[in-house]
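Written below as structure tokens is the structure these notes are about.
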There are 2 protein chains.
Amino acid sequence: MRADARKNHDHLLAVADAVITEQGADASLRDIARRAGVGLATLFRHFPTREALLEALLRDGFDELTARAAELETTSPPEEALVAWLRDFVACAHNYRGVTAAMMTAIEDPQSALHASCEAMRSAGTRLLARAQAEGVARTDIDGTDLFALAGSLAWLHDQPALAPRADRLFGVVVNAILTKSGVASAGEG
Amino acid sequence: MRADARKNHDHLLAVADAVITEQGADASLRDIARRAGVGLATLFRHFPTREALLEALLRDGFDELTARAAELETTSPPEEALVAWLRDFVACAHNYRGVTAAMMTAIEDPQSALHASCEAMRSAGTRLLARAQAEGVARTDIDGTDLFALAGSLAWLHDQPALAPRADRLFGVVVNAILTKSGVASAGEG
DNA sequence: ACCTGAACACCGTTCAAGT
DNA sequence: ACCTGAACACCGTTCAAGT
């Protein structure tokens with residue numbers, strides 16, 4: 001990549017991060033290009049779709065989450081590992097408002113730029129769930145996609161301004177439904 | 001209201017029902033007016049905001065749900081009543097894709113045309129929940145707004161095409177988390 | 001009283017023309 | 001190889017002008 005292109009690429013990402021943090025995943029692309037002081041067509045050259053831009057923004061966090069799943073698998077007991085990872089996942093998805101719905105459509109569409117990242121998330125979560133199920137601490141009538149769906153719905157709760165204050169407590173309620181033991185019912189109060 | 005205005009009003013509602021069923025709550029208002037064979041400004045005259053239009057579409061169903069809550073309170077045991085009403089509520093909210101988020105913002109905004117309907121839903125659900133809590137069949141660390149939030153997140157799941165097939169089963173999982181007894185874990189399989 | 005076409009300021013997408 | 005302005009077809013909103 002040419003030096004000026006690289007510079008535009010990085011600057012666009014930084015501006016997009018700020019704007020999407022502020023306005024959500026459906027922020028105006030025109031506005032992003034404008035604030036970056038760059039032609040709108042240049043934004044499209046670097047990120048041909050909105051999802052490609054989201055993917056570039058989310059990739060680092062997703063890679064960290066995948067690594068964290070592997071780490072938790074060896075360092076923490078199954079129940080604790082699953083709950084801790086779910087909490088991190090929801091926090092990451094909630095990083096940009098409205099990104100959860102994009103992930104849910106992307107995971108079913110192999111063409112989507114977000115597809116691979118979502119798949120990685122789902123399989124990481126599935127492994128932690130399977131481990132918990134094998135140890136008898138998680139209900140066995142749900143699979144990794146169900147877990148992904150429940151995590152997504154919790155991230156969605158976070159996105160609703162009216163409900164955000166209760167999202168941590170409801171996280172505890174839903175986690176309690178996933179686990180067969182009930183020692184983590186109150187997860188985020190205080 | 002003048003006869004021609006009444007006719008436009010009713011026809012717009014019928015067309016809006018079809019278009020929003022097809023395209024979701026963020027369907028193009030221009031498209032609705034176009035399909036109704038009416039000027040766009042006429043749509044705005046009858047329904048000054050998108051929420052006003054949604055409210056007109058949802059009102060009947062919401063009124064039915066309120067009546068149903070009162071009915072269930074006298075005809076069914078507390079647990080059964082709560083679960084049955086929740087199921088109806090989710091089905092109604094899912095009637096139009098994307099309407100759940102609109103409801104969540106409306107319930108916090110007294111100015112919204114949807115506010116009153118949402119408040120009615122919440123208080124109806126709260127009464128059924130309180131009854132179940134008093135009988136010791138529902139956990140006591142959640143309130144009516146939490147219930148509304150969980151129901152909303154289940155409706156959101158229904159809206160995601162990839163997750164819709166699992167929404168009934170996950171309804172069971174979440175309901176199981178709300179109830180203190182566990183006799184309804186598998187709610188929608190078969 | 002009610003309706004409408006046109007204007008306005010936006011949006012995402014594309015592409016010929018520039019350097 | 002990379003960037004850009006302009007064009008295109010959309011969108012929601014408003015309002016003067018019509019009946």
Side-chain angles (χ1 to χ4, degrees), chain A residues 1-57 96-99 101-102 105-106 109 111-114, chain B residues 1-57 96-99 101-102 105-106 109 111-114:
Chain A
M1 198 181 311
R2 231 165 61 178
D4 55 342
R6 157 69 46 197
K7 192 184 159 194
N8 273 339
H9 179 95
D10 295 347
H11 187 217
L12 275 168
L13 263 187
V15 171
D17 173 63
V19 173
I20 290 181
T21 295
E22 193 180 304
Q23 301 182 11
D26 54 353
S28 160
L29 299 178
R30 223 184 189 94
D31 195 31
I32 292 172
R34 204 155 35 209
R35 290 210 214 175
V38 122
L40 178 54
T42 301
L43 173 60
F44 275 82
R45 159 176 291 275
H46 286 284
F47 308 101
T49 64
R50 170 174 247 113
E51 288 192 333
L53 179 59
L54 288 175
E55 197 270 340
L57 287 174
Y96 303 109
R97 180 162 32 94
V99 94
T105 60
D109 174 20
Q111 303 299 323
S112 165
L114 272 171
Chain B
M1 197 181 311
R2 230 166 60 180
D4 55 344
R6 158 70 47 196
K7 192 183 159 195
N8 273 339
H9 179 95
D10 295 348
H11 187 217
L12 274 168
L13 263 187
V15 172
D17 174 62
V19 174
I20 289 181
T21 295
E22 193 181 305
Q23 302 181 11
D26 54 352
S28 160
L29 299 179
R30 223 185 190 94
D31 195 32
I32 292 172
R34 205 155 34 208
R35 291 211 214 175
V38 124
L40 178 54
T42 302
L43 173 59
F44 275 83
R45 160 174 289 276
H46 286 284
F47 309 101
T49 64
R50 169 174 248 115
E51 287 191 337
L53 179 58
L54 288 176
E55 197 271 340
L57 287 174
Y96 304 108
R97 180 163 32 95
V99 94
T105 60
D109 174 20
Q111 303 300 324
S112 165
L114 272 171

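Hydrogens, waters and symmetry mates are skipped; everything else that's a heavy atom, side chains included, is used. Here is the naming used below: chain letters follow the sequence lines, and residue numbers restart at 1 for every chain.
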Is the ring pair A:H46/A:H9 parallel, tilted or perpendicular, if the boundaries are 30 and 60 degrees? perpendicular
With nearest nucleotides of DNA chain D determined for B:R2 and B:R50 from heavy-atom distances, which residue corresponds to the more 5′ nucleotide? B:R50
From CA spacing to verdict: side chain to side chain contact (heavy atoms under 4.5 Å, CB included), A:L29, A:F44: CA-CA 9 Å; A:L29 299 178; A:F44 275 82; 4.2 Å; yes
Tell me what B:A27 touches on the nucleic acid: a base, only sugar-phosphate, or nothing, going by heavy atoms under 4.0 Å. sugar-phosphate
If only atom types and distance count, is the side chain of B:S112 paired as donor or acceptor with the main-chain N or O of B:D109 below 3.5 Å? no
Close residues, residues 4-20 of chain A, relative to DNA chain C [heavy-atom separation under 4.0 Å]: none
For C:dT13, what is the paired nucleotide under Watson-Crick or G-U wobble rules, both distances under 3.5 Å? D:dA7
Pull out every residue in residues 35-46 of chain B that has a heavy atom closer than 4.0 Å to any atom of DNA chain C, ordered by number, or say none. B:V38, B:G39, B:A41, B:T42, B:R45, B:H46
Between B:T42 (side chain only) and B:V38 (backbone N and O only), is there a donor and an acceptor less than 3.5 Å apart? no
Determine whether a donor-acceptor pair (N or O, by modelled atom type, separation under 3.5 Å) exists between the side chain of A:R97 and the backbone of A:I20. no
Check this for me, if you would: do B:E22 and B:R35 make a salt bridge, where the nitrogen-to-carboxylate-oxygen distance has to be below 4.0 angstrom? yes
How far apart are the closest heavy atoms of A:E51 and A:A106, and which atoms are they? OE2-CB, 4.4 Å
Please report, rounded to the nearest Å, how far the C1' atom of C:dC11 is from the CG atom of B:L29. 15 Å
Does the pair B:R34/B:D31 count as a salt bridge with the N-to-O cut at 4.0 Å? yes
pair_partner(C:dT19), Watson-Crick or wobble, both distances < 3.5 Å, evaluates to D:dA1
Heavy-atom nearest pair, B:V19 first then B:A27, reads CG1-CB, 3.9 Å
Give the rounded distance in Å between these two atoms: CZ of A:R30 and P of D:dA6. 12 Å
A:S28 vs C:dG12: side-chain N/O to OP1/OP2 distance below 4.0 Å: yes
At less than 4.0 Å, is any side-chain N or O atom of B:R34 found next to OP1 or OP2 of D:dG12? Yes or no. no
Can you tell me the distance, in whole Å, between the CG atom of B:D31 and the P atom of D:dA9? 17 Å
